[in-house]
A.B. asks: 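Just dropping this structure here.
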Amino acid sequence: MAEKPQIADYGGDKYKYGFVTDIKSDTAPCGLNEDIIRLISAKKNEPQWLLERRLKAYRHWLTMSEPHWAKLKYDEIDFQALRYYSAPVQKVKPKSLEEVDKNLLDTYNKLGIPLKEQEALAGVVAVDAVFDSVSVATTYRAKLAEQGIIFCSISEAVQNHPDLVQKYLGSVVPYTDNFYACLNSAVFTDGSFVYIPKGVKSPLELSTYFRINAKNTGQFERTLIVAEDDSYVSYLEGCTAPQRDENQLHAAIVEIVVMNNAEVKYSTVQNWYPGDKDGKGGVYNFVTKRAACRGNNAKISWTQVETGSAVTWKYPSCVLQGDNSVGEFYSVAITNNKQQADTGTKMIHIGKNTRSKIISKGISAGFSNQTYRGLVDVAPNADKARNYSQCDSLLIGSTCGSHTVPYIRNRNKSAVLEHEATTSKISEEQLFYCMQRGLNAEEAVGLIVNGFCKEVMQKLPMEFAIEAAKLINISLEGSVG
Amino acid sequence: MSDFLLQIKNLHAGITDDKKEIIKGLSLDIKAGEVHAIMGPNGAGKSTLSYVLTGKSDYEVTAGDIIFNGKNLLELSPSERASEGLFLSMQYPVAIPGVTTNVFLKHAINAQRKYKGLPELDAAEFLKLIRGAAKEFDVSSEMLKREINVGFSGGEKKRLEILQLSLLQPSLAILDEADSGLDIDALRTVAEGVNKWHNQNNSLLIITHHLDLLNYIRPDFVHIYADGHIVKSGSMELAEDLEANGYRNYLEE
C-alpha cells in the first residue's frame, strides 16, 4: 500500500523525471494552422507518419462543425484564440506561496494536500515543469519495467515504442470520430501510454495527474492503454485546474484496448475548475473516452467522479467485441452553481454473452443543470447480451435541473436489458436529523450525498475514494442555507 | 449565573408558512438533574415544542425567550444547539440510505468534538468507544454496519436514539414520544438506557401522551400541556390522575 502513488504525489518529484530546460522555450503562438501542427510535431521530434496523421486529422476537422446536440449552453469557442503548445516557463510565476491566490490554497488545504505539494500545484518556481502541454512524471518506472510494463508519456512512447503506438493509436477512437476527438488528433501534445504485456498483472496502480495551468491554453492530452491477453491494470487519473476568469478548453482522448481475459480498471477524479458561483470562468471539458474489449472474456471498468468543469461533455464507452466481455460504468457527477454536465456512457454489445452495467449517480445543486445521456446498443449477433442500467438523480434545492436520456437500440431478441431510474431530493428531515446530532448544514449535505454515491465510491481505489469524498463536500459548499 | 439549565419564557411559536400560532405563551424552567414530563392529548402541538427548541426549519418563534446553559438558544443554529448539549430523541428517526450507522455516529461525535475544541476521534478510538457503548445499549455490531434507520424496526430505531444519547452526552435530552411503536420489552430497554445516562448533572424532558414510559423513568415534575401552554404542573400523581380520568378535566379549565 505504501508504495502506491497517489494523485497528490506528483509534483514533489518533478525534477526526478527531467522536463529538460530546452522544452521551456517551446511556445507556440495563439491560433491553429498547419504550421502550428508542424511545429508541435517537430518540437516533439515525431516520425513522419504521425505528422501526416495530425495533418490529415486537421484537414478533416476543418470540414466538421461543433456538435450542439448536448443539453449544454456556452459561448462559442474561438479556436484561433487558443494556444496549442505552451511551456510553463513563460508564465509569471509566484515566487512563494504568499503570492498564490488564497482561495486556491484554501482548496488545497481542504484536500489535505501537503505544503510541498501545494507549491508544486500552484506553480511556485521550484517545480517548474508542470502540467499544461507537457507530460507528467511517471513514477516507479523501473520497477514496472522489470515485468515488461511500459508506463511513460505518449511522447516518449512515440520515440521508444513507435510500433506499438502506430498499431494502436486511433484504433479505438479514429480521428474522424467527432469534432473534439478530431481536434485532439491534430494537436495532442502529451498524455500517458501504458502497455501491459501478456500474462502480467500490474503490481501497482498506475496514476497520472493532469493539470491545466497556463492561461489561454488548451489541454489536449492523449492516453493510450493496451492490455494484452491475461493481463490486468488499474489506472487512476486526477485532474485539476487553477481558478481563472476566462474559460479553458480541455479536449482529451483516452483509448483502451483490452485483449483476451484481460482487465482494465480506469478511475477518474475530475476536479477541473468549475467557474465561480456566477458561472464566470471554468474549464470546458469535451472528452472522448472509449475502451474496446477486443478479446474474449475481456473486462473494462470505468469509474468516474466528476465534480469540476464549467461544461462537461463526456461519455466513457465500452465496445464489447469479444465474446463474454464485460463493460462497466460507475459514475458520480456533481454540479453546483452554474455548472453544466452532459455525461453518460455507451455500451456497444457486439460479441455473444456480453454484459454491461451502468450505475450513474447525478447530484445537482444551485443553478446547475445535469443530463445523463447513455446508449445501450445490441448488435444482431450479440446473443444473450445483458445490460443493467441504474440512473439516480439527487436534487439539492429547487433551482437546479436533472435529466435522464437513455437510448436503447436492441437488434437481438435474446438480449435482456434493464433500466431503472430515480429522482429524489434531500429531505429536510434528513438534514435536520444530521444537524440535530451536531453536523452543520454543509457537513450534513456532504454525508447524505456521500451515502447516495456509495455504490460508486466503493469502486474507487482507497486513497482515491477518500479524496473523492472530500471533493464532494467541497463541491457542494454553499449549496444549502 | 442562574441555576436553571433551560428557561422558556412566554414562548409563542408556529409553523413558518402557516399563520396559526401553535404554542401560545409557554413557560418552563428546568434545573440540572431534573426529569420533567410534558403530557398532552394528540395533536396539541407537543412535538412543535421539541422542534422549536432544537431549531428545525419551518418553525418560527414569534415571541418569548429561551435560555439554555446561559445562552440565548434562539440565536444558535440547530447544530450549535446540539453541540451545546441539547439532544432530541426523535419520534420518527429518518433513514439515510448509503450512510452506515457507524459512519453517521462517527461524524456526529466528531462534529461535536470539533465544536468543543477537542481533537477528533480516529477510527481506532471511535471503534473502541462505540463497541463498549453498543454492548451496553443492546445495539448489535451488525446494526452498526447497516445503513442508518434503513429497514430498522421501531425498537431498533429507538435503541439507536438512546445509544446516540449516551455517546453524545448532552446536558438536556428531549424524548419525543420515545415509547411509540415499542412493545413492553423494547420500552423497558429504552427506559433502562435513559436511566443509565441520566445523572444529577443532566436533565430530561419527556414528551408523551400516556403513562407507559413514566412508569420506568420517574419524572420529578409533570406538566399538562393543552391549547399551546402548560395548564397545570404537579408531580407523578398528576400523571396517574390523567391516566385514570383523561385530559377532559384539564382542557375545560
Side-chain angles (χ1 to χ4, degrees), chain A residues 110 112 305 330 332 334 359-363 390 392-398 420 422-460 462 465-466 468-470 472-473 476 480-481, chain B residues 16 50-51 53-59 76-101 103-116 118 120 123 147-150 157 160-161 163-165 167-170 173-174 176:
Chain A
K110 285 174 192 169
V305 175
Y330 299 97
V332 168
I334 296 182
I359 307 287
S360 165
K361 304 276 183 178
I363 298 105
Q390 186 188 327
D392 297 325
S393 308
L394 186 69
L395 304 173
I396 301 172
S398 52
E420 288 180 27
T422 64
T423 301
S424 52
K425 277 182 107 168
I426 289 188
S427 76
E428 287 293 334
E429 302 299 322
Q430 288 174 328
L431 281 177
F432 177 63
Y433 192 72
C434 294
M435 292 192 286
Q436 212 300 302
R437 300 300 135 93
L439 280 72
N440 66 35
E442 278 167 358
E443 289 166 340
V445 168
L447 185 67
I448 295 166
V449 168
N450 271 296
F452 173 76
C453 307
K454 194 169 125 196
E455 249 177 301
V456 174
M457 304 294 271
Q458 282 173 336
K459 296 288 172 185
L460 288 171
M462 178 96 85
I466 293 166
K470 286 182 189 163
I472 287 175
N473 293 344
L476 290 169
V480 285
Chain B
T16 309
S50 64
Y51 290 148
L53 287 173
T54 49
K56 191 167 194 272
S57 61
D58 311 337
Y59 291 83
L76 303 177
S77 71
S79 51
E80 287 167 342
R81 295 180 197 197
S83 295
E84 285 286 339
L86 185 59
F87 180 90
L88 171 61
S89 168
M90 311 247 177
Q91 186 175 4
Y92 304 109
V94 68
I96 308 177
V99 178
T100 64
T101 304
V103 165
F104 181 86
L105 295 177
K106 188 168 175 228
H107 274 82
I109 289 168
N110 279 336
Q112 295 209 10
R113 289 181 68 92
K114 204 165 87 187
Y115 180 87
K116 289 168 189 152
L118 297 168
E120 295 185 19
E147 297 173 15
I148 188 162
N149 292 325
V150 175
K157 283 182 186 172
L160 183 61
E161 294 292 285
L163 173 65
Q164 294 181 61
L165 171 70
L167 288 169
L168 298 172
Q169 288 296 325
I174 305 166
D176 188 3

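Fair warning: this is a prediction, and the values are worked out from it, not measured in the lab. Order of the sequence lines fixes the chain letters, A, B, ..., with proteins taken first and strands second; residue numbering starts at 1 for each chain.
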A.B. asks: Tell me, side chain or backbone of B/E147 under 4.5 Å from chain A's heavy atoms, or both, or neither?
C.D. replies: side chain
A.B. asks: Does the separation of the ring centres of A/Y433 and B/F104 fall below 6.0 angstrom?
C.D. replies: yes
A.B. asks: Taking atom OH of B/Y92 as the centre, report whether more than 12 heavy atoms of other residues, nucleotides or ligands fall under 6.0 Å from it.
C.D. replies: no
A.B. asks: Of all residues at least two apart in sequence or in a different chain, which pass the salt bridge (Lys or Arg N to Asp or Glu O under 4.0 Å) check with B/R81?
C.D. replies: none
A.B. asks: Please list, chain by chain and in numerical order, all residues satisfying side chain to side chain donor-acceptor pair (under 3.5 Å) with A/N440, sequence neighbours excluded.
C.D. replies: none
A.B. asks: By a 4.5 Å heavy-atom criterion (distance strictly below it), what part of B/N149 contacts chain A: side chain, backbone, both, or neither?
C.D. replies: side chain
A.B. asks: Is any side-chain heavy atom of A/Q436 less than 4.5 Å from a side-chain heavy atom of B/S50?
C.D. replies: no
A.B. asks: Between B/S77, B/P78, B/S79, which shows the greatest number of heavy-atom pairs under 4.5 Å with chain A?
C.D. replies: B/S79
A.B. asks: Is B/L168 close to chain A through its backbone or its side chain, or both, or neither, when contacts mean heavy atoms under 4.5 Å?
C.D. replies: side chain
A.B. asks: Are the side chains of A/E429 and B/M90 in contact, using a 4.5 Å heavy-atom criterion?
C.D. replies: no
A.B. asks: Looking only at heavy atoms and a cut-off of under 4.5 Å, which of B/P93, B/A82, B/S57 has the most pairs with chain A?
C.D. replies: B/A82
A.B. asks: Kindly compute the distance separating CG (A/L447) from NZ (B/K106), expressed to the nearest 0.5 Å.
C.D. replies: 11.5 Å
A.B. asks: Got a second to check how far A/R437's CZ is from B/F87's CZ, nearest 0.5 Å?
C.D. replies: 3.5 Å
A.B. asks: Is there a side-chain contact between A/F432 and B/V94 (heavy atoms, below 4.5 Å)?
C.D. replies: no
A.B. asks: Do you know which two heavy atoms are closest between A/G438 and B/A111, and how far apart they sit?
C.D. replies: O-CB, 3.4 Å
A.B. asks: Measure B/I148 against the heavy atoms of chain A and call it side chain, backbone, both or neither at under 4.5 Å.
C.D. replies: side chain
A.B. asks: Could you state the interatomic distance from CG (A/N450) to CD1 (B/I96), rounded to the nearest 0.5 Å?
C.D. replies: 12.0 Å
